Amino acid sequence: MFKFSGILLLSVFILSCASNTNQTFKVSELEYPSDLKIVKRAEWGWKALTDTLQQHQINRITIHHGGVEFKDSADVPAHVRQLQDWSRSEKHWIDIPYHFMIDLQGNIYEARPINYPGDTNTTYDPRGHALIEVMGNYEVQTLKPVQLESLIHLTAFLAKTFDVDTTNIRGHKDYAETLCPGKDLYRYIQDGTIRRDVAGLIEK
Ligand SMILES: [Zn+2]
């Protein structure tokens, strides 16, 4: 019996060494309701993780903007792929800093897998935060109703899935010195619209 478990242990050891040469990192997949306009990672050409971080448990939802003006004519999948390449090559992050990105039509692009904390150029600790970015600069652009609707539905889905209290739905500027997510988006956080509508959707 001892001899048998020794062989078993040895083979487990060999297998785990072998897997290090071509490692795949855990990616949590979520089951979305049909009313969310999700563009899955596989649909926009996400490249698999080549590095990892300690995983985290979501207890907050934090809203960002891209900070760069975005036009209706933009090639969104190309923009998302470029952001992934830049995040890895320039910033040495494991992936795009956000978990979700919403375009001007309210389509929701899956980005960094939700089981890993995001990244930031500012000083707050993103562990525990689900990070949603709305593409565009809302210091100068106006948030479209279709974007706000997607943002509220996605936030409600995440709050329900991870049991996040609506008081923990905030904007980036609530944690760090930044204009993010821009005044025309932040006003819906500040006046309670997003928290109220999310609470209404969760109760349904
Ligand atoms: Zn931000």
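Both counts, for ligands and for their atoms, begin at 1 and track the order of listing. The structure presented is a predicted model; accordingly, all values stated were derived computationally and were not measured. Start at 1 with the first residue, then count along the sequence.
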Angle class for the Y175/H129 ring planes (parallel below 30°, perpendicular above 60°, tilted otherwise)? perpendicular
The N/O/S atom of H172 lying closest to the Zn ion (ligand 1) is ND1
Parallel, tilted or perpendicular, as decided by the 30° and 60° cut-offs, for the rings of F157 and Y32: tilted
Any N/O/S atom, backbone or side chain, of C180 lying under 2.8 Å from the Zn ion (ligand 1)? yes
Are the side chain of H99 and the backbone N or O of Y116 linked by a donor-acceptor pair below 3.5 Å? yes
Relative to each other, are the rings of Y138 and H65 parallel, tilted or perpendicular (30° and 60° limits)? tilted
Can you name the N, O or S atom of H64 that is closest to the Zn ion (ligand 1)? ND1
